[in-house]
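Notes follow the structure.
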Amino acid sequence: MTEYKISKGLYNKEAILKVVYTLQKEFNISITEDEFNYICNVEPKCDIAFDFSRFNNNIQEQQLRETLSSQFGELRNAIYSKAFEHFER
């Protein structure tokens with residue numbers, strides 16, 4: 001089992017959980033936390049090596065999605081509602 005620490009200051013737990021969910025077929029990943037970090041314990045289910053670089057890139061991408069959604073989600077929904085209101089009748 002390998003342990004990875006991920007800063008709570010940089011990433012939220014939802015972003016990490018979404019990435020972990022995509023890896024559940026190949027790995028058992030449990031998440032705990034301390035004061036400053038989320039701690040991911042990774043155990044492969046088969047002979048696949050865990051690619052932390054890819055994992056990290058996926059978390060960065062997911063965190064960006066989460067951030068943009070929280071910043072522009074209301075605006076996006078208003079634009080969609082206005083754009084498609086003619087078709088909803």
Side-chain angles (χ1 to χ4, degrees):
M1 185 173 341
T2 307
E3 181 178 282
Y4 298 101
K5 290 187 178 184
I6 302 169
S7 173
K8 287 181 174 180
L10 296 176
Y11 304 102
N12 65 33
K13 192 169 187 177
E14 290 77 23
I16 296 167
L17 288 172
K18 287 178 181 179
V19 172
V20 165
Y21 177 77
T22 65
L23 300 171
Q24 69 181 349
K25 288 183 181 178
E26 294 98 12
F27 303 96
N28 288 320
I29 303 175
S30 62
I31 302 171
T32 57
E33 56 186 274
D34 62 21
E35 186 177 354
F36 301 109
N37 301 296
Y38 296 108
I39 303 163
C40 295
N41 292 300
V42 179
E43 185 175 346
K45 291 183 177 179
C46 50
D47 290 337
I48 298 174
F50 186 78
D51 184 352
F52 182 74
S53 179
R54 188 177 120 218
F55 181 69
N56 189 44
N57 288 339
N58 289 346
I59 290 176
Q60 289 176 14
E61 183 180 331
Q62 187 61 47
Q63 183 61 52
L64 179 59
R65 286 182 187 148
E66 299 283 323
T67 301
L68 291 175
S69 180
S70 69
Q71 289 179 351
F72 300 109
E74 300 265 337
L75 176 61
R76 182 188 66 234
N77 291 341
I79 291 169
Y80 283 153
S81 292
K82 188 68 174 168
F84 294 106
E85 71 183 356
H86 176 72
F87 300 106
E88 292 179 356
R89 294 180 194 167

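Taking all atoms of both residues into account, the shortest heavy-atom contact from Cys40 to Ile16 is SG-CG2, 4.1 Å. In this structure, Glu26 and Ile48 approach most closely via the heavy-atom pair CG-CD1, 3.5 Å. Between Asp34 and Lys8, the shortest heavy-atom distance links the atoms O-NZ, 2.7 Å.
Between Glu61 and Arg65 a salt bridge is recorded (basic side-chain N to carboxylate O distance below 4.0 Å).
Contact of the Gln63 side chain with the Asn12 side chain is registered, since non-hydrogen atoms from C-beta on lie closer than 4.5 Å. Within the 4.5 Å cutoff, no side-chain heavy atoms of Tyr21 are placed close to those of Lys18. For the pair Gln60 and Asn57, the minimum side-chain heavy-atom distance is below 4.5 Å. Contact check for Tyr11 versus Tyr38: no side-chain heavy atoms found under the 4.5 Å cut-off. By the 4.5 Å heavy-atom criterion applied to side chains, Asn28 and Met1 are not counted as neighbours. In this structure, the side chains of Thr22 and Gln62 stay at 4.5 Å or more apart for every pair of heavy atoms.
Ile39 is not connected to Ile6 by any chain of hydrophobic side-chain contacts under 4.5 Å among Ile, Leu, Val, Met, Phe, Trp and Tyr, and they are in different clusters. Cluster annotation: Val19 is connected to Leu17 through the hydrophobic network of ILVMFWY side chains, with a link wherever side-chain heavy atoms come within less than 4.5 Å. A chain of hydrophobic side-chain contacts below 4.5 Å, direct or via other Ile, Leu, Val, Met, Phe, Trp or Tyr residues, connects Phe52 to Ile29.
Distance CD/Glu14 to CD/Glu66: 6.5 Å, rounded to 0.5 Å.
The closest donor-acceptor contact from the side chain of Lys25 to the backbone of Lys45 lies at 3.5 Å or more, if one exists at all.
Ring geometry for Phe50 versus Phe27: interplanar angle over 60°, hence perpendicular rather than tilted (30 to 60°).
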